[in-house]
Amino acid sequence: MASAAAISSSISSRSLLSRDSKAALIASIRHPEPSIATPAASGGPRPRRMLARPCCAVEPTKRNDSVVPSAAVAGAANAAVGEEATAPSAAVDYEELNKALENASPLEIMDRALDMFGNEIAIAFSGAEDVALIEYAKLTGRPFRVFSLDTGRLNPETYRFFDAVEKHYDIHIEYTFPDAGEVQALVRSKGLFSFYEDGHQECCRVRKVRPLRRMLKGLRAWVTGQRKDQSPGTRANIPLVQVDPVFEGVDGLGSLIKWNPVADVEGKDIWNFLRTMNVPVNSLHSQGYVSIGCEPCTRPVLPGQHEREGRWWWEDATAKECGLHKGNLKQDEAGKLGANGNGVAAANGVDGTVDIFETQAIVNLSRPGIENLLKLEKRQEPWLVVLYAPWCRFCQGMEVSYMELAEKLVGSGIKVGKFRADGDQKPFAQKELQLGSFPTILFFPKNTSRPIKYPSEKRDVDSLLAFINALR
C-alpha cells in the first residue's frame with residue numbers, strides 16, 4: 001500500500017491532501033510519460049483525434065441560499081481564478097492517451113481530466129457508489145462541476161443522499177430533468193409501468209437519455225463511474241478515456257470526451273476507498289442494493305448474484321444498459337438485442353450484425369421498397385429516409401436523435417424510413433440514391449420524384465426538423 005508521502009509527492013503542488021493519513025489508502029499514484037506519441041504513418045487507419053481546447057479554471061462558488069449555475073468545490077478556494085488549464089493546443093490522440101494512462105490511479109486520471117477541460121467538464125453522479133468520483137475530484141484541489149439526472153422516479157433515499165452529498169462537499173449539483181410534455185405523453189398513452197411489458201428503453205430514453213443529451217451538448221467532456229466489473233457483456237472493455245461514440249458535445253458529434261477514471265477498479269476497492277475517506281453513501285446500499293437506478297427498476301440482489309441483476313431483472317442480462325452508455329454495446333455483444341432490449345433478435349440484421357434505428361416509428365425499407373419510392377412522381381405523403389450501415393460509428397451516433405425525430409413526426413403526415421445501404425446494396429445506393437458516405441439522409445417530397453439530399457452534418461432533431469419544414 002502506498003504511503004501518504006508517495007501520494008502527496010505526486011500532487012503536492014496543489015496541496016491536495018489535507019487528509020494524508022486517509023488518502024494513503026487510495027491506490028498508489030504512478031507517473032506515466034505525459035507526452036502523447038503520434039503514431040507513425042503506416043497506411044492503416046489513424047485513430048480519431050480531437051482538439052482539446054484550453055479552458056479557464058473558475059473559482060468555486062460556496063453553497064448559499066441562492067441558485068448557482070454549476071456545482072463547484074468550496075474547499076478549492078486556493079485555485080487561481082482564470083488560471084489556464086494545461087490542455088494542449090494541438091489535436092490529442094485519445095487512443096494513445098488511454099494507453100498512457102493504463103497504469104495511472106483514479107486520482108491521477110481525474111486530475112488530468114480536470115486539468116485539461118477546466119469548467120467545461122462535469123462529473124455524472126447517479127446517487128450510488130459513484131460518489132467516489134466526487135471525492136477524487138475534491139482531492140485534486142481543482143474546481144469541478146457535478147450533474148445528476150432526476151428522472152422523477154428515484155427512491156426517497158436517493159434524494160436524501162443527494163442532499164447529504166451537497167452538504168458534505170459544499171456544492172450545488174446541477175440537476176437535469178426530463179421534458180414534462182414527453183413524460184406526460186408516455187404515461188398517458190402507455191401507463192406508469194409499461195417498461196415491464198415492452199422493455200425499459202423507451203422510458204429510459206424519455207427520462208434519462210434525452211435529458212443527458214441536452215446536458216452534454218453544453219460540455220466538452222464528462223466523467224462517469226463506469227467499471228469493467230459492473231455489467232456482463234457491456235462494460236468489459238471500456239477505456240479510461242475516449243471520444244464519446246454516442247453523445248454530442250459543444251462542437252457536435254465527435255467533439256465530446258468521456259472519462260472513466262475507475263474503469264479498472266473493482267467494486268470492493270471502491271468501497272474500501274469510500275469507507276477509508278468517510279464519504280456519505282446511499283442508505284439503500286445497507287438494504288442489499290448495489291447498482292441503484294429508478295425505484296421501479298431497481299431491487300436488492302441476493303448473495304452470489306451480480307450487481308446488475310438488481311436492474312431490469314425481467315430482461316436479458318446482456319441488455320443491462322439504459323442508453324446512457326450505449327456505446328459499450330459492441331456488434332458481437334449486442335447481436336442478441338432487439339428493438340426493445342428484451343433479447344429479441346433484430347429481424348433485418350445481416351451477418352450477425354445488430355441493426356439500429358429499431359422503432360415502430362421508422363419503416364424498414366427493402367430494396368424493392370426504396371426502388372418504388374424512387375419511381376413515384378406523386379407520393380401520398382413525403383418521406384425522410386436515412387441510408388445507413390449499422391457498424392458505422394456516425395450512424396450509431398445519430399440513432400437516438402433520428403428515433404426521437406421519427407417519434408415526433410408520428411401523425412404529422414411525414415413518413416420516416418431507413419435503408420441499409422452497405423454490402424451488396426452500396427453500388428445501387430451510390431448510383432441511384434446519392435450515397436457518398438454513411439449516414440446519408442434523403443427527403444422525398446410529395447410532388448417531386450427526385451429525392452433531396454440533406455447537406456449538413458448536424459444530425460440533431462432541431463436541424464433535421466428545420467430541413468424538413470423548409471421542404472414539406
Is there a donor in the side chain of Asn272 and an acceptor in the side chain of Arg275, or the other way round, less than 3.5 Å apart? yes
Please determine if Arg210 and Glu407 form a salt bridge, counting it only when a charged side-chain N lies under 4.0 Å from a carboxylate O. yes
Should Val250 and Leu256 count as side-chain neighbours, where that means a heavy-atom distance under 4.5 Å? no
Would a 4.5 Å heavy-atom cut-off, applied to side chains only, mark Val206 and Asp179 as touching? no
Residues in side-chain contact (heavy atoms from CB on, under 4.5 Å) with Pro211, at least two apart? Leu149, Thr176, Pro178, Arg214
Passing option when Lys258 is tested against Asp244, Val241, Val246 for side chain to side chain contact (heavy atoms under 4.5 Å, CB included): Asp244
Would you call the rings of Tyr196 and Phe193 parallel, tilted or perpendicular, taking 30° and 60° as the class edges? parallel
Closer than 4.0 angstrom, basic N to acidic O: yes or no for Arg459 and Glu399? no
Are Leu442 and Ile452 side-chain neighbours, meaning at least one heavy-atom pair lies under 4.5 Å? no
More than 12 heavy atoms of other groups within 6.0 Å of Lys217 NZ: yes
Looking at Gln434, is its backbone amide N or carbonyl O close enough to the side chain of Lys453 to form a donor-acceptor pair, meaning the two atoms are under 3.5 Å apart? yes
Looking at Arg220 and Asp251, does any basic side-chain N land under 4.0 Å from a carboxylate oxygen? yes
Quick one: closest heavy-atom pair of His285 and Val290, and the distance? CE1-O, 3.2 Å
Which heavy atom of Leu97 sits nearest a heavy atom of Arg112, and at what distance? CD1-NH2, 3.6 Å
Determine whether a donor-acceptor pair (N or O, by modelled atom type, separation under 3.5 Å) exists between the side chain of Arg207 and the backbone of Thr151. yes
Over all heavy atoms of both residues, which pair between Glu157 and Ser283 is shortest? Give the atoms and the distance, please. CG-OG, 3.3 Å
Going by an N to O cut-off under 4.0 Å, is there a salt bridge joining Asp355 and Arg420? no
So, do Leu384 and Tyr454 sit near enough that their side-chain heavy atoms are less than 4.5 Å apart? no
Going by heavy atoms in the side chains, are Asn119 and Pro143 under 4.5 Å from each other? no
May I have the step-by-step check of side chain to side chain contact (heavy atoms under 4.5 Å, CB included) for Leu212 and Trp222, ending in yes or no? CA-CA 11 Å; Leu212 177 65; Trp222 62 309; 4.0 Å; yes
Please determine, by modelled atom types, if Asn260 and Thr224 share a side-chain donor-acceptor pair under 3.5 angstrom. yes
Donor + acceptor pair across side chains of Asn282, Thr158 (<3.5 Å): yes
Between Phe357 and Phe419, is the gap from one ring center to the other below 6.0 Å? no
Could you check whether Arg205 pairs with Glu202 (Lys NZ or Arg NE/NH1/NH2 to Asp/Glu carboxylate O, under 4.0 Å)? no
Going through the distances and angles, do Tyr402 and Val461 end up as a side chain to side chain contact (heavy atoms under 4.5 Å, CB included)? CA-CA 7 Å; Tyr402 194 71; Val461 174; over 6 Å; no
Taking the six-membered ring where the residue is Trp, are the ring centres of Phe438 and Tyr388 under 6.0 Å apart? no
